[in-house]
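Sequence positions, counted from 1, serve as the residue numbers for this chain.
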Amino acid sequence: MESKSGGLPWITACISLNAMHFRRWKFALWFSLLLAACSFDPIFNDDYQRCSADNPCPGDCVCSSVGICLPPNGTAPDDCLSEDPDCVGGCNFGCRCVGGLCLLPGRDDQSYCNELNPLTPYEMDADLVVTTTDDQLDREAQSGDAIGAGANGLSLREALTLARVKPGPHHITFDSNLVQPVTLRSNQHELPWQVPSLCYLDGRGIDVTLAGEAGKEVGLLVNSTGVVISDLTLIDFESEAVKIRNSAEVHLFRMRIQENGGTGLLVENSEDIWLGRGRELAFESPKNPPSNDLSQYDMNVIRSNEGNGVEVSNSSGIYIYGSFIGYDLATSGPGDCIGRGNAGAGIILNEVREAIVGAQEISDDEYESWLNFQSGSGDTSYNMFPGFVAVGCNQDGGVRISGGGDIQMPGLGLGNSAQMSPYGQNNNVNLEILDIVGPVSFGPSPWMTDLEILAFGIVYYDGSLALHIENNEAEVVLMGAQFVNLGNLGHPFPEYAIKIVNTQAPVRLYHLAITGSAAQAAILLENPGDEVSIINTLFWRDDGVDTPILAGAVDSTRLSFHHNMQFGFSRWLLGGDGDVDASNFEVFDNPVFSCNPDSSNGVVPKDPVTCLHVNAGADLGLDRSPFPGEHVGCAPDIGAFECVTEACRNVSCQ
């Protein structure tokens with residue numbers, strides 16, 4: 001090829017050969033290069049790590065023939081960027097990927113991170129055993145002398161101090177010979193019990209309570225990396241019972257945090273935090289028989305705190321499952337909430353990115369055991385329902401999301417829990433989504449099909465607003481869930497079930513069942529700046545009150561409203577200046593009696609096989625029902641439930 005324009009064809013040919021192997025290059029100086037054949041030096045983004053024989057790549061990245069760092073498997077160089085390259089193959093538990101190297105932040109000794117398949121703190125046998133309830137701290141513990149520190153008994157503070165002084169990992173347990181129940185009072189030292197990196201504080205097999213005294217603000221403090229805490233009760237601290245700050249990879253499970261003067265669990269500026277059942281660490285559930293006493297279940301209980309139940313701010317990678325926030329014993333009415341719920345909100349997520357609050361992913365074995373539990377056959381000792389998150393009885397709301405985004409809430413019960421006894425209203429607002437900048441979803445989502453029926457969501461809104469969305473800068477989706485007001489808690493009806501205000505991005509309500517009564521309307525729309533979609537949703541009330549489904553000054557061009565069903569509402573839409581023409585909406589009015597919701601739960605039709613409008617809804621692809629074995633043959637596809645088999649979808653129920 002001969003160049004007739006300053007060598008441009010040569011450059012073009014070289015680019016075409018090399019572009020197959022490299023991405024995100026800057027060829028800003030193409031026309032200023034004086035090249036011979038394909039020997040030009042490409043100009044890279046600053047992100048890429050340049051390397052040579054004298055300047056090797058960090059971590060497992062290798063130096064390519066063109067002088068950039070690549071993973072050893074030959075994949076894209078993005079995985080070995082100079083600013084924050086990934087660590088090929090991942091890092092050991094607790095170690096973080098920093099500049100392509102696996103490191104334990106704030107620690108000089110990095111041998112654990114460099115070791116091949118080391119034992120983690122939760123895999124190793126206990127190396128530190130607490131043998132005294134005294135809150136003592138001997139000088140020997142501070143110098144790392146474990147034998148000297150334990151000469152007059154090893155306290156929890158001494159064990160944690162040794163774990164901090166001596167490079168971990170460490171596994172701390174409690175002596176089974178201590179008189180149970182064991183109460184350790186933080187009464188001799190001003191500082192909280194501080195859990196260091198690579199440490200498992202293990203309360204299994206013994207009833208241990210960590211208790212505060214006057215002036216003790218914080219119980220357990222975690223400002224470290226690679227921490228596991230399980231099977232402990234924390235009470236009587238004046239501020240936070242557990243405070244996690246500037247930390248990463250922290251796991252808490254089977255915790256009881258109650259009767260503290262502030263927030264039960266506070267998380268700040270942290271990442272990869274788990275409040276669950278230990279499944280992510282391969283811990284198994286105790287085989288407790290079903291019981292009305294929630295303390296017998298394999299879950300976290302956070303209740304009766306004077307602040308919020310759980311508060312997370314400026315953090316990412318938050319995973320909450322297997323937790324009851326505000327509940328303790330099974331409840332059945334308004335009086336049962338007294339003294340149980342938290343005085344603040346149940347859960348607050350403030351500027352949190354990437355979070356899942358709700359049902360856990362379960363294994364095939366767990367799912368089989370769960371089906372046996374449901375049917376009453378085989379092994380019935382395993383109850384899957386504690387894998388949900390239930391938030392109830394809290395005085396300042398259920399779940400509040402402010403800012404942040406990329407948050408999913410499958411299997412979340414607000415005011416109740418799926419298939420378990422708790423029933424108790426959250427005052428104020430059950431679910432509040434404000435000023436988000438990343439997507440938020442409630443209920444099962446198309447990308448969470450592995451959760452199956454565990455993704456079902458429920459909101460009981462007797463006396464309080466079910467849902468408030470305002471100033472959302474990213475999409476909000478609520479799908480496949482029931483919003484129920486049975487009117488049996490003695491509260492006045494709330495003005496609305498749902499308020500949607502100042503939408504800046506789409507709000508999509510799909511396949512919901514909004515049943516029960518609201519004083520003004522089921523949904524209030526104010527200043528919708530973007531699309532609001534309401535599809536395949538059931539609206540039902542039977543009190544004869546003259547109210548519409550929708551209220552507010554609604555721009556119908558921004559409202560998508562079709563394949564819905566209503567029973568007992570007088571009008572579809574009430575505008576700010578009068579009724580808005582709803583003639584273009586595809587709706588189904590006043591279904592036959594057999595389609596009325598069953599009074600026991602406000603959703604399930606009494607006889608789905610003869611339901612006149614069972615095929616009226618659109619196929620949203622949910623393909624699930626919240627209860628296995630029910631609705632076979634023909635199931636409703638409006639209002640939270642949808643056919644689960646092709647045979648069901650093909651049956652005509654006219």
Side-chain angles (χ1 to χ4, degrees), residues 312-316 318 345 347-357 397-410 412 414 428-448 457 459 461 465-481 483 494-512 514 518 520-537 549-562 564 573-577 580 582 584-585 620:
V312 186
S313 62
N314 300 306
S315 298
S316 63
I318 305 300
I347 299 175
I348 291 180
L349 303 179
N350 180 36
E351 298 296 342
V352 169
R353 298 301 297 260
E354 299 181 2
I356 297 179
V357 181
V399 174
R400 184 181 307 145
I401 300 171
S402 178
D406 301 307
I407 296 171
Q408 303 171 34
M409 292 173 281
L412 172 61
L414 295 165
N428 197 0
V429 183
N430 279 281
L431 175 59
E432 197 160 27
I433 302 171
L434 310 174
D435 304 306
I436 59 165
V437 295
V440 170
S441 70
F442 178 88
S445 302
W447 55 86
M448 300 195 74
V459 179
Y461 64 97
L465 188 65
L467 170 67
H468 177 206
I469 301 170
E470 187 165 350
N471 296 328
N472 60 303
E473 297 183 31
E475 184 177 72
V476 177
V477 177
L478 289 93
M479 179 183 290
F483 289 42
E495 288 188 320
Y496 311 98
I498 296 173
K499 289 177 64 175
I500 302 174
V501 182
N502 298 331
T503 58
Q504 307 300 314
V507 174
R508 310 192 189 280
L509 308 182
Y510 294 158
H511 223 49
L512 303 181
I514 302 174
Q520 300 296 324
I523 300 176
L524 172 67
L525 299 177
E526 289 186 350
N527 303 319
D530 209 320
E531 179 187 5
V532 176
S533 300
I534 304 174
I535 301 174
N536 271 44
T537 291
I549 293 289
L550 304 175
V554 177
D555 181 351
S556 57
T557 63
R558 292 191 174 95
L559 177 63
S560 178
F561 192 91
H562 59 85
N564 300 303
L573 185 63
L574 180 66
D577 299 320
V580 174
N584 293 326
F585 296 159
L620 300 181

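- Of the residues listed (Asn527, Asn472, Asp435), the one engaging Asn502 in a side-chain hydrogen bond (donor to acceptor under 3.5 Å, both in side chains) is Asn527, and it is the only one.
- Between Ala551 and Ala521, the shortest heavy-atom contact is CB-CB, 3.7 Å.
- Proximity of a side-chain donor or acceptor of Glu470 to a complementary backbone N or O of His468 within less than 3.5 Å is not detected.
- Ile523 has its side chain within reach of Ile514: a pair of non-hydrogen atoms, C-beta onward, lies under 4.5 Å apart.
- Among all heavy-atom pairs drawn from Ala518 and Ala497, the shortest one is CB-N, 4.0 Å.
- Contact check for Leu412 versus Val399: side-chain heavy atoms found under the 4.5 Å cut-off.
- Judged by distance alone, with hydrogens and angles left aside, the side-chain atoms of Asn471 form no donor-acceptor pair with the main-chain N or O of Leu434 at under 3.5 Å.
- Interatomic distance, Ile401 CD1 to Glu351 CD, rounded to the nearest 0.5 Å: 12.0 Å.
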For this session: Starting from the C-alpha separation in whole Å, work towards a yes-or-no answer on side chain to side chain contact (heavy atoms under 4.5 Å, CB included) for Glu432 and Ile469.
Result: CA-CA 6 Å; Glu432 197 160 27; Ile469 301 170; over 6 Å; no
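- Using a 4.5 Å cut-off on side-chain heavy atoms (C-beta onward), Pro410 and Ile356 make contact.
- Residues Phe442 and Val477 fail the side-chain proximity criterion, which asks for heavy atoms closer than 4.5 Å.
- The shortest heavy-atom contact between Ser560 and Ile535 is OG-CD1, 4.4 Å.
- Rounded to the nearest 0.5 angstrom, Thr537 OG1 and Leu512 CG are separated by 4.5 Å.
- Contact record, Ala474 with Pro439: CB-N, 3.6 Å, taken as the closest heavy-atom pair.
- Side-chain contact between Leu349 and Val357 is present, with at least one heavy-atom pair separated by less than 4.5 Å.
- When side chains are defined from C-beta on, Pro528 does not count as touching Ile500, because their heavy atoms never get closer than 4.5 Å.
- The residues Glu531 and Arg508 are annotated as salt-bridged, a charged nitrogen and a carboxylate oxygen being separated by less than 4.0 angstrom.
- Taken to the nearest 0.5 Å, the CG atom of Leu414 stands 9.5 Å off from the CG atom of Leu467.
- Within the 4.5 Å cutoff, side-chain heavy atoms of Leu525 are placed close to those of Val532.
- Here the CZ-OG distance, from Arg353 to Ser315, works out to 13.0 Å after rounding to the nearest 0.5 Å.
- Atoms CD1 and CG, on Ile498 and Leu509 in that order, are 5.5 Å from each other to the nearest 0.5 Å.
- The minimum heavy-atom distance linking Asp530 with Gln504 is given by the pair OD2-O, 3.7 Å.
- Atom CD1 of Ile433 and atom OG of Ser402 lie 11.5 Å apart (nearest 0.5 Å).
- With a 4.5 Å cut-off on side-chain heavy atoms, Val476 and Ile436 count as touching.
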